[in-house]
Novice: 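Below are the structure tokens for one structure; questions will follow.
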There are 2 protein chains.
Amino acid sequence: MPARIPLDANAILAATEEILRRHGPDKATVVDVARALGVSHAAVYKHFPSKQALREAVTRRWLDRSRDALAVIAADSAVPPARRLRTWLHALLAGKQAKVREDPELFAAYGILAAAHSSVATDHVADLLGQLTAIIADGAADGSLRTDDAAATARVVFTATAKFNHLAHAAEWQNPGIGAELDEVCSLLLDGLHTRMSP
Amino acid sequence: MPARIPLDANAILAATEEILRRHGPDKATVVDVARALGVSHAAVYKHFPSKQALREAVTRRWLDRSRDALAVIAADSAVPPARRLRTWLHALLAGKQAKVREDPELFAAYGILAAAHSSVATDHVADLLGQLTAIIADGAADGSLRTDDAAATARVVFTATAKFNHLAHAAEWQNPGIGAELDEVCSLLLDGLHTRMSP
DNA sequence: CAAGTTACAAGCTTTGACATCTGTTACTCA
DNA sequence: TGAGTAACAGATGTCAAAGCTTGTAACTTG
């Protein structure tokens, strides 16, 4: 009987993240989470309406951490927008590579939610697109990037780099040449985005 | 007892394709194929060393048909290379959409082979890259597309359009806006590839 | 002897009984 | 009355036994 801290949503999230990491998304049960907290599984259901909601909350927290790390790069106005775009796309890839390697269980949990069309996945993509839009808008503002609509261009850039950001390609992120490949795609895209010397 | 045509590799391939279409890759057995041909399953093994080899042969034939259809577009020198590139990428997408819709079982069989790193999949990609390289080389030759190395550029274009050509995105090909999205990516890529007016 | 068959071992799937998990409800207790 | 528990029904998952499937080998036949 551990001295019981009163149960709150945060303690449940932390315990769930731990269980998810240990057992993986297929084996992690809410009974496991409750046992780790020293309560009955029904107690967990007082704080979260379903196992699905619990998983989403854990995954959202996990994704928000990487979103925040990328936001620092996106907002760094000391770096010219074209270079910032390239750096940001590389950081996005590096972050995903690290997650697959170091946190495969949580990554798998995210994959399951994305496949189920959970809002966690679409919201995360929307966050990333927002950052990309901000970089491109900065480029449009200082005249270094040519675009009519920063948000639309951001979507196109995100689509063209799908191989480096979409879950479906996770297996390919372990290939050694992947960073160089992203660099080449970036170069071609930036060639298209740079302001022309003449019409 | 149907009047038995002497068994040959081609008859086996046709029967396998039919069985694969009917039962799907998970349920299709070589006993089924043999039954459809009115022979024992061991007879099939006289012509193909394994079930895997049989499946690969069927899938290869199926992929070669679409490769040939695309080759006509790639080789059409009446169309300027930039426009030909765009048309080819759209045709590739349209062909895949049609296959997923009309031949989901054979498409699934292809997916299984690709996941198993079969040479069928890598060879098919190599064929497609060859066609793309030819288009880009034509553009380099007539001065309309800027590239140092047509094959390398073809790889970059293929990567940047992964969302429209890679199996992993098959589910997204049914979205209504997908053609327009490809168009936007093409435009950005072609902006990058077009010869500049000045350095 | 080319083309096919029957018979069989090893390895996978199905199957069905059994256990566990999810989510709810009626209850307890400070 | 808010926070948790015990008990439960229905869905889901597990596991071993039985039945197919794959691939091989020895055998048959025109």
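Note that these values count all heavy atoms, side chains included, but never hydrogens, waters or copies made by symmetry. Residue numbers begin at 1 in each chain, while the letters A, B, ... track the order of the sequences. Since we're looking at a predicted model, the values are computed, not measured.
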Novice: May I ask you to check whether over 12 heavy atoms, not counting those of A:Asn175, lie within 6.0 Å of atom CG?
Specialist: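 Yes, enclosed.
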Novice: For the pair made of CG in A:Asp32 and P in D:dT12, what is the distance, rounded to whole Å?
Specialist: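 Value for this atom pair: 19 Å.
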Novice: Look at the rings of B:Trp62 and B:Phe107 and say which category their plane angle falls in: under 30° parallel, 30 to 60° tilted, over 60° perpendicular.
Specialist: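 Rings of B:Trp62 and B:Phe107: perpendicular, as their planes differ by over 60°.
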Novice: Is any side-chain N or O of A:Lys51 closer than 4.0 Å to OP1 or OP2 of C:dT22?
Specialist: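 Checking C:dT22 against A:Lys51, a side-chain N or O does come within under 4.0 Å of OP1 or OP2.
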Novice: Could you tell me the separation between the CG atom of B:Asp26 and the P atom of C:dT14, rounded to a whole number of Å?
Specialist: 8 Å
Novice: Mind calculating the distance between CZ (B:Phe48) and P (D:dT24) to the nearest angstrom?
Specialist: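 Roughly 15 Å, once rounded to whole Å.
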Novice: By nearest heavy atom, map B:His41 and A:Val30 onto DNA chain C; which one lands nearer the 5' end?
Specialist: B:His41
Novice: Answer yes or no: does a side-chain N or O of B:His47 lie under 4.0 Å from OP1 or OP2 of C:dG4?
Specialist: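 Checking B:His47 against C:dG4: at least one side-chain N or O falls below 4.0 Å of OP1 or OP2.
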Novice: Counting heavy atoms from C-beta on, name the nucleotide in D:dT22, D:dA6, C:dG23 closest to the side chain of A:Tyr45.
Specialist: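 Among the listed nucleotides, the one closest to the side chain of A:Tyr45 is C:dG23.
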Novice: Just the rounded figure in Å: distance from P of C:dC21 to CZ of A:Arg55.
Specialist: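 Rounded to the whole Å, the gap is 14 Å.
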Novice: Tell me, yes or no, whether the heavy-atom count around B:Asp148 atom CG, taken from other residues, nucleotides or ligands under 6.0 Å, exceeds 12.
Specialist: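 Count not over threshold, so no.
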Novice: Below 4.0 angstrom from OP1 or OP2 of C:dT25, is there any side-chain N or O of A:Lys46?
Specialist: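 False: A:Lys46 side-chain N/O out of range (4.0 Å or more) of C:dT25 OP1/OP2.
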Novice: Which residue, A:Ala42 or A:Lys27, contacts DNA chain D at a nucleotide closer to its 5' end, judged by nearest heavy atom?
Specialist: A:Ala42
Novice: With respect to the side chain of B:Ala43, which nucleotide from C:dG23, C:dT5, D:dT5 is positioned closest?
Specialist: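 The closest nucleotide is C:dT5.
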Novice: Output the rounded distance in Å from NE2 (A:His23) to C1' (C:dT20).
Specialist: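 After rounding, the gap between these two atoms is 14 Å.
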Novice: Is the number of heavy atoms from other residues, nucleotides or ligands within 6.0 Å of CZ (B:Arg83) greater than 12?
Specialist: no
Novice: Nearest to the side chain of B:Val31, which nucleotide is it out of C:dG23, D:dT22, D:dT24?
Specialist: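 Looking only at side-chain atoms, B:Val31 lies closest to D:dT22.
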Novice: Grab the CD-C1' distance between B:Gln52 and C:dC12 for me, whole Å please.
Specialist: 16 Å
Novice: Using whole Å, report how far CG of A:Leu54 lies from C1' of C:dC21.
Specialist: 14 Å
Novice: Between D:dA25, D:dT22, D:dT14, which one does the side chain of B:Thr29 approach most closely?
Specialist: D:dT22
Novice: Are B:His166 and A:His166 close enough that their ring centres sit under 6.0 Å apart?
Specialist: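 Ring centroids of B:His166 and A:His166 are no less than 6.0 Å from each other.
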